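Down below is the structure, laid out as structure tokens.
Computed from heavy atoms alone, side chains included, the values below leave out hydrogens, waters and symmetry copies. Not measured: the values here are computed from a predicted model.
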Amino acid sequence: MEDAFARSVTEVLEFFGVDPSKGLTDSQVKENARIYGSNVLPQEESTPFWKLVLKQFDDLLVKILIGAAIVSFILALVDGETGLTAFLEPSVILLILAANAAVGVITETNAEKALEELRAYQADVATVLRNGCFSILPATDLVPGDIVEISVGCKVPADMRMIEMLSNQLRIDQAILTGESCSVAKDLESTIATKAVYQDKKNILFSGTIVVSGRAKAVVVGVGSNTAMGGIRDAMLKTEDAATPLKKKLDEFGTFLAKVIAGICILVWIVNIGHFRDPAHGGFLRGAIHYFKIAVALAVAAIPEGLPAVVTTCLSLGTKRMARLNAIVRSLPSVETLGCTTVICSDKTGTLTTNMMSVSKICVAHSVRHGPITAEYCVSGSTYAPEGVISDNAGTQLEFPSQSPCLLHIAMCSALCNESTLQYNSDKAKYEKIGESTEVALRVLAEKVGIPGFDSMRTALSMLSNHERASYCNHYWENEFKKVSVLDFSRDRKMMSALCSLKQQSILFSKGAPESIISRCTSILCNEDGSIAPLTSDMRAELEARFKSFAGKETLRCLALAMKRMPVGQQTLSFDDETEFTFIGLVGMLDPPRDEVRNAMLSCITAGIRVIVVTGDNKSTAASLCRQIGAFDHLDDFASRSYTASEFEELPALQKTMALQRMVLFTRVEPSHKKMLVEALQHQNEVVAMTGDGVNDAPALKKADIGIAMGSGTAVAKSASDMVLADDNFASVVAAVAEGRAIYNNTKQFIRYMISSNIGEVVCIFVAAVLGIPETLVPVQLLWVNLVTDGLPATAIGFNKQDSDVMKSKPRKVNEAVVSGWLFFRYLVIGAYVGLATVAGFIWWFVYSESGPRLSYYELVNFDTCSTRETTYSCNIFTDRHPSTVSMTVLVVVEMFNALNNLSENQSLLVIPPWSNLWLVGSIILTMILHILILYVPPLSVLFSVKPLSWGDWTAILYLSFPVILIDEVLKYFSRNPRGIRLNLRWRRSDLLPKREVRDK
């Protein structure tokens, strides 16, 4: 029944044909179960394991690698090769791809857990009236029309419409659904609001919410998927995970690279068609296969096999740093997404605020004989910790608050007229509440006021353990007074009273809505001297004005406190006793903003990130919080940037678009609105981060580019998110964004490093093929360079330090290329030098090396006709592995120098020296040790087809390698120089460049 909230009790009961005194009959239960289904969230079919595995290989670069591995394997069989070396290359490639696939499968299976954890919010049992008898049945057996009784502590088993109140009031904690910080009072009246949201449906009890106080009967109107919780499940199923900006850019780069690889491979093969018939190959077909192997080696060289592993490693390093900032990353790619976040949609309760109701203002009567009539006090402290000071209007701290008569009696009333508990949780190292948050706020206030009797109160209290300190002063008053009788809060009276006795006195303490308490008061307690004076009309008007100021301008939740002397020995209370009170004081409380939120907001403004506060609370309360934070003070017209969900939905399409560009506050929202907001912002090409903690937030968290769940939130929210904030703090979100930007910068650096290195390998093989010299590098040597010498330094680049101005630049555009324009030209130059130096090392050994044959260049490029000519040397010299060892070592050493170039994109090594990243220095040393091992340890040297090098060889290698640093220093100089910008524009390529000018030189 979709509109049960708008129908009367009688209409709803008639719709289901149920007698409220007898419940459904067995036949009605069967019929309704057939029509409406069972009260279970249906299980979604999970993706088969084999499909998950295949999905991980649906990537162009991966497919090219698989193709290269298969071709290498086939060529090895065709050539009749045997042993480990023949199949090492394809085996290593396939192992790397298998490892990456395993990581992907694990990530995807974790993502589906969010749907399963929704089931945890379904009740297990329910007290149901059927056939005239109450019985406890599994909640899954409920059908629409069932009459259910609920009481304190019950989890609501289905969506239900209230039909009878069995206590003074019924309050429900529906924070998991709406995010409201306080419990909600329910009633029987039908709702007349059009487009009613969950908060408007005061007569509906939602599945999975908790009964905080009271008892009631209700009729089931929705089960399973037709509940609010079922709606959240459906929204999560409809949400598809979008690729992260880096993933999109890497996919584009992969497509571009695939085209380049295919073109160069075909070109190399065509260029060498004339060599197919060379006698050295033993026939045209053998020659064609030989040069096809070279083309395959070229593909292996061009593809950065280690890129997926290195990206994952670098992101993992970033997650460890972010964990130290209380940001726990669940999805690795989300680390990079943080770097280009343009909008943060932040929950108000618990993220911008502490979610701990605190008394912040107190108003008492000062004197009736001379002005001022009232006095105000400010109370510090924004958590449940009994820490804070009380100051007067002038800002002077009260040394002994309990010496003020009104404050002393406020503490008494707060401690005695209270059903909540304040305790210390040693596991979480924080103070926690049990009961209503407003009552706990009064408990904390009583602790801050202290108790009378001795001057060293603050020192004595500080010596207590946290467990003892939690309620020490409250326990003092509870031990002093004996609580005799209590009148619970009711909606009509809007107050609660407790009769307490002390020796030969009986005192009635009351607290409640100011309008109810003040109207019942006839006298007032004066703070000046502790005297009691009649409450005049002028004083009443002054108190009501202070109340309106607290509740209106400052949007505080207000309670008035009062007391009354009762006859000695009275044991019972009636509503008639709640008259002729003495007014004690007025307290204003709020869910205070976190201390560090203001600076975090200002950081966002500096970084070009817009913050939209999203909340289920009303507009005035949320707007007051925004003003308290002070981060929106720069806005001329704050009111025009604030919308309720219903106001926003009613806007025409064009005005909606404009509103989205200006919005900073979005109130009275429910789950569907949060998801709608994310989608609308994404349509405007915004990169959206959404925070949330409740079940209601899960669809929006999953839809957002990066979903951020609170550590204190529900398991569903955490499972649907990409990141979890351990401390629930908005400031941690901003710190995580800064870290995300730094991680992306480092990711760019090592991607560029790997690309320039691989360009060098391609140039090496291509130039060797064009010149017609023997193979400079065999495939297994290329694999060694790609996996070990590229991988270790590239990973260490991830430890580059965060730039000091990382949060002073605007977010990067989603379509910004990883390697772009002038940078692409720079790395083409570097890559070309790497390749030419490698070939030069190979030629040097044949032509100039003292340990080489000292051939002429003509003899080297015509090596394939050696067997047909008379020579003074053996033709076997061209199969010697010594020259390829020199080439391989030049490639390794030049790439180590190139790694140092990547300490910074544009800064010289004289400004950012190598020792600024000791991890990089260490990785270079380790790489060289590993390389020396394969050169000089026989089993490894055989495996990698290398020979030991002489000191003369090493000298030549260093001479050929070091210039790469000098070349990049010149290129960096042009990058820092305005001329570099002009070059950048000249070399712009539409398929590689972001659509904006280069910044942050």
Side-chain angles (χ1 to χ4, degrees), residues 358-381 386-418 441-462 471-478 480-481 500 502 505 507-511 514 517-518 521 523-535 539-540 542-543 546-547 549-550 556 558-565 581-589:
S358 302
V359 173
S360 63
K361 285 285 188 75
I362 300 173
C363 176
V364 298
H366 177 67
S367 172
V368 293
R369 287 187 292 274
H370 52 83
I373 296 175
T374 60
E376 284 188 17
Y377 295 98
C378 294
V379 186
S380 69
E387 301 159 0
V389 297
I390 300 175
S391 308
D392 61 21
N393 249 352
T396 306
Q397 180 181 328
L398 301 187
E399 284 296 320
F400 307 107
S402 57
Q403 291 180 358
S404 301
C406 287
L407 294 181
L408 179 66
H409 283 81
I410 285 174
M412 283 186 206
C413 187
S414 297
L416 297 169
C417 196
N418 204 315
L442 292 175
R443 289 265 185 219
V444 176
L445 175 62
E447 296 298 325
K448 292 175 181 177
V449 171
I451 54 180
F454 54 95
D455 294 343
S456 57
M457 171 61 63
R458 189 170 288 117
T459 305
L461 290 176
S462 65
S471 294
Y472 183 85
C473 299
N474 281 274
H475 289 160
Y476 170 83
W477 293 118
E478 288 168 343
E480 285 287 305
F481 287 86
C500 304
L502 172 65
Q505 300 181 63
I507 302 176
L508 179 64
F509 291 103
S510 293
K511 74 169 192 293
I517 295 290
I518 294 174
C521 290
S523 58
I524 192 164
L525 179 66
C526 295
N527 199 44
E528 185 182 42
D529 54 8
S531 61
I532 295 177
L535 180 59
M539 293 174 62
R540 192 184 299 275
E542 176 68 16
L543 290 175
R546 300 314 306 147
F547 162 52
S549 174
F550 278 14
L556 300 177
C558 296
L559 286 177
L561 295 88
M563 67 177 186
K564 176 185 179 181
R565 292 194 178 276
F581 282 113
T582 297
F583 180 83
I584 301 173
L586 178 72
V587 298
M589 55 186 77

Qualifying residues under ring pair (Phe, Tyr, Trp, His ring centres under 6.0 Å), relative to Phe547, sequence neighbours excluded:
none
Go through the structure and list residues passing ring pair (Phe, Tyr, Trp, His ring centres under 6.0 Å) with Tyr377, not counting sequence neighbours.
none
Pairwise distance [atom1]([X]) to [atom2]([Y]) - rounded to 0.5 angstrom:
X	Y	atom1	atom2	answer
Gln505	Leu502	CD	CG	5.5 Å
Glu478	Ser471	CD	OG	7.5 Å
Glu542	Thr374	CD	OG1	4.0 Å
Ile373	Leu543	CD1	CG	8.5 Å
Cys378	Ile390	SG	CD1	10.5 Å

Who pairs with [X] by side chain to side chain contact (heavy atoms under 4.5 Å, CB included), at least two apart in sequence or on another chain?
X	answer
Ser367	Arg369, His370, Glu528
Cys406	Val364, Leu525, Asn527
Ser523	Ile532, Thr582
Ser358	Pro592

Just to verify, what does [X] make a side-chain hydrogen bond (donor to acceptor under 3.5 Å, both in side chains) with, not counting sequence neighbours?
X	value
Arg540	none
Lys361	Glu554
Glu387	none
Ser380	none

Got a donor-acceptor contact below 3.5 angstrom from the Glu376 side chain to the Ile362 backbone?
no
Residues at least two apart in sequence or cross-chain that pass salt bridge (Lys or Arg N to Asp or Glu O under 4.0 Å) with Glu480, listed by chain then number, are none
Are the side chains of Leu398 and Val389 in touch, meaning some heavy atoms are under 4.5 Å apart?
no
Beyond-backbone contact of Leu442 with Leu559, side-chain heavy atoms, under 4.5 angstrom:
yes
Taking only distance into account, with no hydrogens and no angle test, what donor-acceptor pairs under 3.5 Å do side-chain atoms of residues 411-418 form with protein atoms, sequence neighbours excluded?
unit_1 : atom_1 : unit_2 : atom_2 : d
Ser414 : OG     : Ile410 : O      : 2.7
Asn418 : OD1    : Ser420 : N      : 2.9
Asn418 : OD1    : Ser420 : OG     : 2.7
Asn418 : ND2    : Ser414 : O      : 2.9
Asn418 : ND2    : Glu439 : O      : 2.9

